Amino acid sequence: MIPCYNEQGVIGHTAGVLLLELDNMAKNGLVSTESYLCCVDDGSRDGTWEEILQTAQADKRVRGIKFSANFGHPNALMAGLLGNHHEAEILVTIDADLQDDVSVISEMMRQHHLGKRVVYGVRLERHVDVLPKRIAAHFFYKVMRAMNRRTIEGHADFRSADARVIADLERFHEVNVYLRGLFPLIGYPSTEVHFTRLDRHAGESKYSYGKLMSLAWQGITSFTTTPLRMVFYVGLIMFLVASLVGVWILWAAWRGNPIQGWASLALMLTTFSAINMVSLGVIGEYIGKIYKEVKRRPRYIIETTTTHGG
Ligand code: UDP
Ligand code: MG
């Protein structure tokens with residue numbers, strides 16, 4: 001499964017490389033000769049779909065799914081997985097830009113033959129990413145692991161899973177899809193394979209800092225309710241502090257010694273209201289998620305596929 005969003009300049013090359021790798025693996029008896037690629041065009045605005053159609057015409061092992069609009073990377077992956085697990089035995093997801101090491105796929109297949117059901121591609125170092133992105137990523141994994149132990153550091157969406165696992169994935173109906181969290185949640189014997197992340201083959205990253213931030217926030221809020229509990233704990237601590245201050249104030253008043261302090265009052269007022277606002281924001285985030293979930297909107301809309309004469 002290859003999610004593609006404005007990957008016109010990349011997809012042809014990527015398909016070529018992956019097809020070669022399929023040949024190699026078939027030769028070594030790792031995969032069936034009927035293995036194929038499935039490119040999911042996530043509502044690209046450039047010639048990505050035309051490019052996919054051309055590649056599909058040139059090689060029967062290439063298929064395509066075209067979304068009617070941009071539904072986002074996780075939904076593109078979801079469509080690729082759910083659209084193929086009745087047919088394929090093992091499904092691999094890889095980005096269109098070939099930043100993940102293609103040669104690792106054969107190791108993934110070997111692990112499947114050894115009985116693993118999910119194999120996570122884990123990058124060793126983020127050499128190619130710029131420093132702020134690396135620090136941000138590291139910090140994110142720290143936070144994530146503190147709240148949810150099953151997070152795998154350095155694992156993006158380069159992963160293989162067998163059809164059984166995807167059948168189980170299909171039973172998760174959430175709209176806020178966070179695949180990196182869902183697979184560890186599903187369980188089954190799994191393992192990691194390591195590789196070094198390469199440079200983007202062409203084009204530019206489709207993930208701006210804004211998008212990365214929202215991905216991180218999505219990862220936290222669709223997977224754990226720890227922030228909600230933290231709001232409660234902060235409230236509890238604040239209540240304790242307030243009680244102590246209250247006792248002090250009463251005591252001072254009783255001694256006929258009212259505290260002359262506009263500063264302390266103003267400070268408390270601003271601190272407490274700030275905490276209130278932040279807490280409301282966190283709770284609002286979860287309510288927003290619930291709102292999205294209850295609407296049960298389709299996660300994606302498929303406009304056409306290569307097999308339906310696209
Ligand atoms: N992608 C997508 N929909 C989007 C954004 C990205 O399908 O809205 C695809 C993109 O084409 C690529 C993959 O997701 O195959 C990862 O994107 P990118 O390489 O830009 O992210 P990065 O590697 O910088 O995290
Ligand atoms: Mg990339």
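This structure is a prediction, so every number in the text was calculated from the model and none was measured. Counting starts at 1 for both ligands and their atoms, in listed order. Numbering starts at 1 and runs along the sequence shown.
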**OP:** Drop me the distance from Asp157's CG to Met1's CE, to the nearest 0.5 angstrom.
**Re:** 13.0 Å

Subject >> Smallest separation among heavy atoms of Ala242 and Phe272, with atom names >> reply: CB-CZ, 4.3 Å

Original post:
Applying a 4.0 Å heavy-atom criterion (strictly less than), which segment of Ile2 is in contact with ligand 1: side chain, backbone, both, or neither?
Top reply: neither

Original post:
Is a side-chain donor-acceptor pair under 3.5 Å present for His85 with Glu170?
Top reply: yes

Subject >> Criterion side-chain contact (heavy atoms from CB on, under 4.5 Å) on Val104 and Phe158, from CA distance to verdict >> reply: CA-CA 10 Å; Val104 163; Phe158 182 29; 4.0 Å; yes

Original post:
Should the pair Asp23-Arg61 be classified as a salt bridge under the 4.0 Å nitrogen-to-oxygen rule?
Top reply: yes

**OP:** Kindly give the atom name of the N, O or S atom of Asp97 closest to the Mg ion (ligand 2).
**Re:** OD2

Subject >> From Ile11, Asp100, Asp42, Leu98 - option closest to atom 4 (C) of ligand 1 by heavy atom >> reply: Asp42

Subject >> Which of the ligand 1 atoms, numbered from 1, are nearer than 4.0 Å to a heavy atom of Asp95 >> reply: 13 (C), 15 (O), 16 (C)

Subject >> Geometric N/O contact Ala96 with ligand 1, under 3.5 angstrom >> reply: yes

Original post:
Is the cationic atom of Arg63 (NZ for Lys, CZ for Arg) positioned less than 6.0 Å from the six-membered ring centroid of Tyr36 and within 45 degrees of its normal?
Top reply: yes

Subject >> Ligand-residue contact atoms, ligand 1 with Glu7, heavy atoms, under 4.0 Å >> reply: 10 (C), 11 (O), 12 (C), 15 (O)

Original post:
Should you measure from each heavy atom of Asn70, which atoms of ligand 1 turn up under 4.0 Å away?
Top reply: 3 (N), 4 (C), 8 (O)

Subject >> Within-cut-off N or O pair, Pro3 and ligand 1, under 3.5 Å >> reply: yes

Subject >> Close-contact set for ligand 1 against Gly72 heavy atoms, below 4.0 Å >> reply: 3 (N), 8 (O)

Subject >> Beyond-backbone contact of Leu18 with Thr14, side-chain heavy atoms, under 4.5 angstrom >> reply: yes

